[in-house]
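What follows is a single structure, written as structure tokens, with notes after it.
Numbers restart at 1 for each chain; the letters A, B, ... are given by sequence-line order, proteins then strands.
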Amino acid sequence: MLENVVANNGLNTAFSGMTIVFSGLVIIALAIHSFNYISAFVKKRGEANTAAGPAGETTPALAFMGKDLVPEDELVAISVAIELYRRLHFEHLQSEITFVHGELTNSGWKTGIKYGQRRSIPR
Amino acid sequence: MLENVVANNGLNTAFSGMTIVFSGLVIIALAIHSFNYISAFVKKRGEANTAAGPAGETTPALAFMGKDLVPEDELVAISVAIELYRRLHFEHLQSEITFVHGELTNSGWKTGIKYGQRRSIPR
Amino acid sequence: MLENVVANNGLNTAFSGMTIVFSGLVIIALAIHSFNYISAFVKKRGEANTAAGPAGETTPALAFMGKDLVPEDELVAISVAIELYRRLHFEHLQSEITFVHGELTNSGWKTGIKYGQRRSIPR
Amino acid sequence: MHVIFKIVGTTGFANMQWGNLIMIAVGGVAIFLAVVKKYEPLLLLPIGFGVIMGNIPYTPGLPLGVYDEGSVFSLIYKGVTSGLFPPLIFLGIGALTDFSSLISSPKSVLLGAAAQIGIFGTYIGALMLGFSNAESASIGIIGGADGPTSIFLSSQLAPQLLGPIAIAAYSYMALVPVIQPPLMKLLTTEKERKIRMKPPRIVTRQERVLFPIIVAIFAALIAPGALSLVGMLMLGNLLKESGVTDRLAKSAGSALLDICTILLSFAVGCSTQSAVFLNAKSLGIFALGLLSFMVATVGGLLFAKLMNLFLKEKINPLIGAAGVSAVPDSARVVQHFALHYDKDNHLLMHAMAPNVAGVIGSAIAAGVFIAIFR
Amino acid sequence: MHVIFKIVGTTGFANMQWGNLIMIAVGGVAIFLAVVKKYEPLLLLPIGFGVIMGNIPYTPGLPLGVYDEGSVFSLIYKGVTSGLFPPLIFLGIGALTDFSSLISSPKSVLLGAAAQIGIFGTYIGALMLGFSNAESASIGIIGGADGPTSIFLSSQLAPQLLGPIAIAAYSYMALVPVIQPPLMKLLTTEKERKIRMKPPRIVTRQERVLFPIIVAIFAALIAPGALSLVGMLMLGNLLKESGVTDRLAKSAGSALLDICTILLSFAVGCSTQSAVFLNAKSLGIFALGLLSFMVATVGGLLFAKLMNLFLKEKINPLIGAAGVSAVPDSARVVQHFALHYDKDNHLLMHAMAPNVAGVIGSAIAAGVFIAIFR
Amino acid sequence: MHVIFKIVGTTGFANMQWGNLIMIAVGGVAIFLAVVKKYEPLLLLPIGFGVIMGNIPYTPGLPLGVYDEGSVFSLIYKGVTSGLFPPLIFLGIGALTDFSSLISSPKSVLLGAAAQIGIFGTYIGALMLGFSNAESASIGIIGGADGPTSIFLSSQLAPQLLGPIAIAAYSYMALVPVIQPPLMKLLTTEKERKIRMKPPRIVTRQERVLFPIIVAIFAALIAPGALSLVGMLMLGNLLKESGVTDRLAKSAGSALLDICTILLSFAVGCSTQSAVFLNAKSLGIFALGLLSFMVATVGGLLFAKLMNLFLKEKINPLIGAAGVSAVPDSARVVQHFALHYDKDNHLLMHAMAPNVAGVIGSAIAAGVFIAIFR
Ligand code: NA
Ligand code: NA
Ligand code: NA
């Protein structure tokens with residue numbers, strides 16, 4: 001059985017392969033580890049200019065993930081229903097490149113944010 | 001005109017073809033017909049252990065198909081609105097493979113139900 | 001530098017190309033321009049048979065585009081929520097070709113409107 | 001000035017022929033039927049637009065049309081001629097189709113078989129008109145009233161006739177509400193039309209999961225040539241009914257189905273360049289196609305009446321006409337026609353059973369032809 | 001130890017060259033522009049990532065890159081070089097684009113024609129720099145400011161330049177807000193910038209349905225080479241506007257468009273391996289591309305002023321700059337620029353008309369080049 | 001009667017063999033596991049159905065199966081054998097995967113590396129059983145517990161073994177909850193199982209955007225052969241995390257992923273025709289595959305214990321078992337197992353880090369094999 005391993009230089013290949021896998025992942029681990037310093041640095045800078053930082057970092061989506069604050073009163077239900085209604089009815093429009101008589105709807109398709117437009121697919 | 005039919009053995013082909021089509025569908029019909037017995041058998045067994053059976057069989061979706069009971073009072077509207085809100089906002093999350101800081105969201109992607117997780121795309 | 005332009009008959013190509021582009025777009029402009037007359041004609045005819053015309057022309061979707069009238073009271077919120085609920089729950093059904101025990105759901109897939117069915121994907 | 005002449009020489013105006021104008025008008029009619037009459041718009045609209053685009057003339061040599069090696073349209077058309085798109089479309093249709101009505105009334109399956117007489121009858125008719133065996137089979141399949149099946153069989157047996165066969169199939173499917181009622185009137189008595197049928201039983205989830213597996217196995221065993229079509233149709237249905245692969249069923253029944261439908265319909269439309277389309281063969285195909293639909297309808301109706309001779313619980317023979325498939329149009333025609341004679345007799349669900357059985361039947365018929373002629 | 005040397009020899013470190021490092025940095029810049037500056041992220045992000053991946057070195061012989069026969073990336077790249085992806089992307093864009101503004105003001109179409117002077121001017125410029133006819137045409141089309149059109153023409157006429165042409169086109173499209181305003185300032189008077197235009201009329205559904213059919217027919221008749229691009233763009237638009245094929249329009253404008261965009265952008269990025277990308281030709285292409293955008297802008301602006309000499313109802317010449325397309329960025333630049341001088345003068349809808357006309361114009365220009373040089 | 005004999009001769013009944021029946025039963029078991037037991041239904045259901053369809057016998061010569069030149073199924077199968085589907089699936093998976101847990105605890109990456117010992121150990125084992133180098137590598141990769149990686153490597157190195165390798169990989173991934181717990185019990189003390197770990201820190205958006213870029217660069221530099229898999233995985237993740245290309249990430253993670261999954265799984269199933277599947281090699285592959293999963297689990301567990309010798313903040317060695325990937329099943333097994341001994345010790349998030357690191361590790365291992373053996 002072993003002669004096929006020897007003939008194919010198997011142990012060598014296996015050892016080298018395992019080395020490469022480890023090297024690769026160690027380098028990645030080190031790279032990620034350096035993120036922690038970047039992160040700490042960013043945080044420190046963020047603490048310096050208190051108000052500005054967190055707004056930029058915590059995207060709305062993340063806010064939902066973290067807390068999952070779903071408003072539960074009628075008023076909210078109504079506004080949510082309306083929002084959803086529009087979203088479903090205007091879903092098609094939202095992704096239009098141009099404009100339908102006074103409705104300003106953008107596409108995210110070839111879109112910059114230089115001129116105050118909001119992203120068209122707000123999800 | 002008919003010589004081309006004869007030359008190509010057309011009647012034979014047509015007859016044989018029609019036979020095959022009928023045979024195939026008759027076999028399928030018989031197979032389906034045997035379902036009725038299976039169905040009757042399952043039903044009988046279901047009546048034996050009364051409560052357990054129907055819960056397993058009638059999936060929620062079927063319940064809706066059969067009766068179309070849509071609750072119509074405000075309370076329901078609110079909860080529905082909230083549910084939809086979450087569904088739209090978390091649509092992306094629902095299909096994530098892993099987890100976002102304390103949010104347990106499963107993907108249905110490579111998913112078993114052995115450990116209490118619910119299916120991620122609940123539709 | 002210019003000898004390559006001359007050798008390749010460049011000015012000629014550029015001039016001819018620009019001519020073609022202009023001709024093409026002028027023809028299209030003229031064709032569109034003739035729409036205005038068609039449009040005016042259709043309008044006039046529409047005014048003649050007052051009630052019948054606009055109902056046929058202005059699809060619901062267009063009505064929304066034009067006015068964006070979103071009802072804002074509770075009653076509407078409830079009905080909207082219910083509608084959305086059904087739409088999400090029955091989304092799958094809506095696109096089914098056939099029928100589930102008494103639920104008449106059409107697909108738009110190979111669909112005519114000859115027999116009173118409505119389009120299945122109402123968006 | 002040499003260049004401008006060369007350019008003008010390449011414009012469509014310089015190469016336009018009468019045939020092109022006729023075909024562009026045909027394309028316009030298809031679009032009109034789709035948009036205004038709402039006849040099969042998902043198919044007739046891209047086909048009609050394709051017919052127009054395929055008949056814009058251009059200097060031969062430019063790689064633009066579906067028949068020009070290396071052109072973009074030829075790459076899309078390869079998805080048709082290789083037979084790839086129809087099974088993928090069937091995968092999507094399977095993910096959208098509910099076979100419950102069929103499961104609850106297995107005897108309706110026979111009506112779906114009977115209507116296939118249209119296919120084999122027209123095959124004989126085409127032989128009579130001098131078409132070859134493979135061509136006749138492809139023409140006969142028009143009576144199967146299933147676009148993907150027709151296109152698949154043509155692509156395998158008679159690719160040169162694919163354009164007219166596809167156009168004929170979809171045209172007559174759109175015209176089912178015109179073709180079928182006279183025959184229904186002719187072949188049924190008023191009493192028969194008023195026969196009411198018991199509501200079908202509710203089928204369990206187990207049955208709906210087992211159904212696609214069993215149908216696929218038996219159909220493929222009986223007619224292995226049907227493997228690609230029936231296999232994919234039932235795979236899609238299994239994805240839908242299993243309840244554990246909803247996301248796959250959803251993508252198969254939306255993105256995949258739609259993309260393949262657009263590309264197939266448009267490419268089929270483009271393949272009707274007047275030079276290859278406008279000839280006596282196409283005319284023959286259209287005549288035979290109409291015959292095929294009529295024979296299929298008659299076959300379904302008469303077989304239903306034959307079954308009634310043996311059945312205790314009579315079936316309404318009108319639902320036999322739904323066996324031609326053309327899902328779900330012919331089932332709707334039956335419903336509408338029956339309502340005319342009894343305002344409370346709703347046959348729609350009963351008609352769906354032979355309707356979807358007809359899809360399976362035609363696919364098996366196609367499989368038979370593939371097995372013999374390939 | 002033989003094996004470990006063989007493996008180390010295959011790592012990227014062993015084969016890394018300065019060119020690769022430069023290109024990886026370029027890819028990083030593209031990603032930075034996409035993510036932080038939000039410049040054309042849907043295109044620049046996958047392109048940038050592709051540039052990085054395409055410049056990771058590896059032992060020649062391994063089938064990994066877009067130029068290696070049989071590799072996965074080469075299969076994806078075949079979708080670009082065969083010219084398949086751009087028309088499919090146009091199909092999706094058509095299904096998302098609203099041509100109402102153009103229908104309501106047909107004279108704006110001429111502005112979309114005028115801006116194409118950038119294409120033909122740059123074609124001459126490229127000939128001057130010694131490029132061949134086919135290459136010059138592909139470089140000139142950068143001024144069309146439409147990614148799919150540029151990539152399609154390059155793939156047909158000068159595939160060896162596809163990488164730099166695509167990168168240049170998308171880069172300058174991203175930089176439209178930087179390139180256009182100075183020219184607008186230079187070539188218009190303050191009074192002209194304040195010209196207000198009447199709100200466009202409402203277009204009917206009939207017009208919106210007829211529009212894509214008519215445009216496709218005439219564009220393809222005038223320049224059959226534009227068949228693939230204009231045909232697909234208008235098919236998508238017809239699916240959208242017909243009102244009877246919503247599900248097809250939706251899938252074309254979402255799944256199909258997105259998938260083709262990812263694959264095309266990534267593959268184009270991968271094709272910029274430093275060995276084929278970093279040379280004098282690419283530098284020339286970037287210089288000519290900038291020229292092309294500037295000439296196009298000037299052409300649109302001046303032609304608008306020329307039109308005003310003849311029109312009773314003056315148009316605001318700024319909207320001429322939107323004729324370069326780069327939909328919808330250049331229309332936004334116009335809107336923003338005009339607001340600067342009159343806070344209530346909203347030109348966005350007026351600028352959309354030449355903007356989308358420019359797309360059609362460039363596609364026709366590409367068709368002309370294909371007709372001559374292929 | 002000649003014809004009817006010819007037709008009967010083409011039916012499956014005439015050509016059925018015992019092997020086919022066995023494989024059809026195997027396909028039925030796969031479907032049962034998928035539908036009733038909900039084991040990996042997205043993969044096992046289409047695979048199981050494919051196994052059944054691939055074992056319906058037919059007259060040789062008919063172009064129906066995946067191995068028949070020109071058949072529809074062979075076109076789909078080409079997407080597998082060309083190696084195209086697996087990277088596209090990885091693109092979609094990347095667009096769905098959250099690497100936050102890995103970013104917040106980089107040392108867990110080493111556990112993902114350690115578990116790859118299963119791959120290389122099994123490679124040696126396969127050599128012992130007499131398989132060739134390329135075959136042994138493809139068999140070893142089963143221990144990577146990533147379907148697309150296994151299929152990709154097999155398609156590149158040992159296409160003739162693709163069927164059994166894919167089936168083995170997915171089967172054992174489904175059986176991870178059965179395979180791993182005994183080994184976890186054997187190799188850890190009760191005290192170790194109760195070790196609690198600090199909650200991971202919150203990672204910033206910057207980190208999540210930079211992560212895929214950096215991983216792709218380093219993985220591809222170290223093992224260029226991993227370019228296709230890791231590159232696509234990280235492209236998908238970048239599309240998701242960038243926050244500016246949501247629509248691309250969504251389409252990649254839904255339509256594209258689903259379509260490729262259906263086609264790949266079905267085609268792989270079809271490739272298990274009993275004539276090529278039922279032999280001693282397949283048996284060996286299944287035995288080695290199980291070995292591979294076990295060695296990988298042991299490797300992860302022991303390496304975690306080894307790390308604890310050096311770490312001040314001890315890690316729970318159970319999370320080492322999650323290094324085999326089989327995302328996210330093996331992480332769930334860890335969570336469940338730990339809860340058994342301490343009701344409040346939630347290891348899920350901690351186990352996700354080696355879990356996703358294992359995906360990257362296996363892709364690098366595959367890259368190494370490609371570099372050596374191709
Ligand atoms: Na049929
Ligand atoms: Na343009
Ligand atoms: Na792994």
A side-chain contact here means heavy atoms from C-beta on lying under 4.5 Å apart; do [X] and [Y] qualify?
X: D/Val72; Y: E/Leu229; answer: no
X: D/Ile262; Y: E/Leu235; answer: yes
X: E/Arg205; Y: D/Val35; answer: yes

Notebook entry, point to check: So which part of E/Leu91 gets closer than 4.5 Å to some heavy atom of chain D, the side chain, the backbone, both or neither?
Noted result: side chain
Notebook entry, point to check: So what's closer than 4.5 Å to chain D heavy atoms on E/Pro212: side chain, backbone, both or neither?
Noted result: backbone
What distance do [X] atom [atom1] and [Y] atom [atom2] have between them, rounded to the nearest 0.5 Å?
X: D/Leu44; Y: E/Thr245; atom1: CG; atom2: OG1; answer: 11.5 Å
X: E/Ile213; Y: D/Ile24; atom1: CD1; atom2: CD1; answer: 12.0 Å
X: D/Phe73; Y: E/Leu84; atom1: CZ; atom2: CG; answer: 10.5 Å
X: D/Ile52; Y: E/Met234; atom1: CD1; atom2: CE; answer: 13.5 Å
X: E/Cys260; Y: D/Ile259; atom1: SG; atom2: CD1; answer: 7.5 Å
X: D/Leu62; Y: E/Gln156; atom1: CG; atom2: CD; answer: 10.0 Å

Of all the heavy-atom pairs spanning [X] and [Y], show the shortest one and how long it is.
X: E/Pro224; Y: D/Leu64; value: O-CD1, 3.3 Å
X: D/Pro46; Y: E/Leu248; value: CG-CD1, 4.4 Å
X: D/Phe49; Y: E/Gly231; value: CE2-O, 3.3 Å
X: D/Ala34; Y: E/Val244; value: O-CG2, 3.8 Å
X: D/Ser254; Y: E/Arg247; value: CA-NH2, 3.7 Å

Next item on the list: Pick whichever of D/Ala255, D/Pro63, D/Gly28, D/Gly70 has the most heavy-atom pairs under 4.5 Å with chain E.
Entry: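 Among D/Ala255, D/Pro63, D/Gly28, D/Gly70, the one with the most close pairs to chain E is D/Pro63.
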Next item on the list: Under 4.5 Å, counting heavy-atom pairs only, tell me which of D/Ile31, D/Leu263, D/Ile56 racks up the most with chain E.
Entry: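 Answer, by heavy-atom pair count under 4.5 Å with chain E: D/Ile56.
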Next item on the list: Examine whether an atom of D/Leu256 lies under 4.5 Å from a heavy atom of chain E, and if so say whether it belongs to the side chain, the backbone or both; otherwise answer neither.
Entry: neither
Notebook entry, point to check: Should the heavy atoms of other residues, nucleotides or ligands under 6.0 Å from CD of D/Gln160 be counted, would the total exceed 12?
Noted result: yes
